[in-house]
Amino acid sequence: MYFRKKRIFVLFLLLFLGVFSSKDIGASIPVTPETVLAISKAAPATVNLVKDVVALPLRVGKIFRLPLGLVETVLAPLPGLTFANGITNTGNGIAGIFEFVGAVLKLPVSAVGSTLQTVGLYKP
């Protein structure tokens, strides 16, 4: 058993060293005026796309208020929990579902728009 673990460890170590000792890893794109121009054109569109992608987990987090609100509504007679807070959280959770679906549907449109903006076919 010990030798098997040792062999697996050595195998992963060799694989790790083989992958990260490649000479292609250090290769870079030569910095020319054309590459600087292309990166500067693509930066604003990429930032907008990243903002849309980052918004998705925030929308998913809002969906979790739905079960919280349902539990608060059911357990409202207990001290510290109110029926109004439960209804509010349930409503926010239901709204979160629609916000998430809207953000997911907006993502491909944003990707195509950012691509068109980068190419120069669309100016916002």
Side-chain angles (χ1 to χ4, degrees):
M1 184 99 166
Y2 173 74
F3 293 111
R4 182 177 176 195
K5 287 182 182 179
K6 189 174 180 181
R7 276 190 225 150
I8 292 173
F9 175 75
V10 170
L11 178 69
F12 279 122
L13 182 64
L14 291 175
L15 181 67
F16 178 80
L17 292 175
V19 168
F20 289 110
S21 67
S22 174
K23 292 184 170 98
D24 294 334
I25 297 295
S28 63
I29 299 172
V31 179
T32 62
E34 292 85 14
T35 57
V36 171
L37 182 64
I39 291 172
S40 65
K41 279 185 176 180
T46 307
V47 168
N48 291 336
L49 185 61
V50 168
K51 284 180 184 178
D52 290 338
V53 170
V54 169
L56 290 177
L58 301 174
R59 306 289 188 221
V60 170
K62 196 170 180 183
I63 292 173
F64 289 121
R65 293 184 77 175
L66 177 62
L68 173 68
L70 293 175
V71 168
E72 280 183 344
T73 304
V74 170
L75 299 178
L78 295 176
L81 299 174
T82 62
F83 186 77
N85 284 342
I87 294 297
T88 302
N89 283 330
T90 303
N92 286 336
I94 292 171
I97 293 171
F98 291 108
E99 289 175 8
F100 177 72
V101 169
V104 168
L105 293 177
K106 181 182 172 187
L107 196 59
V109 174
S110 176
V112 169
S114 66
T115 304
L116 292 176
Q117 184 180 355
T118 302
V119 173
L121 298 175
Y122 172 71
K123 305 254 185 209

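Heavy-atom basis, side chains included; hydrogens, waters and symmetry copies ignored. Nothing fancy with the numbering, it's 1 onward along the sequence.
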Worksheet entry | Considering all heavy atoms, the nearest Val54-Leu58 contact | O-CG, 3.9 Å
Discussion item. With clusters defined by side-chain heavy atoms of hydrophobic residues (ILVMFWY) lying less than 4.5 Å apart, directly or transitively, does Val71 cluster with Leu81?
Written reply: yes
Discussion item. Nearest 0.5 Å, please: how far is OG1 in Thr90 from CG in Leu68?
Written reply: 8.0 Å
Item to complete: Look up atom CD1 in Ile97 and atom CG in Asn92, then write down how far apart they are to the nearest 0.5 Å.
Response: 11.5 Å
Discussion item. Taking Phe98 as the starting point, is it possible to reach Ile63 by hopping between hydrophobic residues whose side chains are less than 4.5 Å apart?
Written reply: yes
Worksheet entry | Nearest-0.5 Å distance, CD1 of residue Ile94 to CZ of residue Arg65 | 12.5 Å
Worksheet item: Roughly how far apart are Leu66 CG and Leu70 CG, rounded to 0.5 Å?
Response: 5.0 Å
Practice prompt. Give the cluster check for Val104 versus Val53: same hydrophobic cluster or not, with ILVMFWY residues linked at side-chain heavy-atom distances below 4.5 Å.
Written response: yes
Worksheet item: Is there a path from Leu75 to Ile87 through hydrophobic residues (I, L, V, M, F, W, Y) whose side chains come within less than 4.5 Å of each other?
Response: no
Discussion item. Please list all pairs meeting side-chain hydrogen bond (donor to acceptor under 3.5 Å, both in side chains) that have one or both residues in residues 93-104, counting only residues at least two apart or in different chains.
Written reply: Lys62-Glu99
Discussion item. Give me the atom names and distance for the closest heavy-atom approach of Gly69 to Thr73.
Written reply: O-OG1, 2.7 Å
Item to complete: Could you tell me which non-hydrogen atom of Pro77 sits nearest to which non-hydrogen atom of Val74, and how far apart they are?
Response: CD-O, 3.7 Å
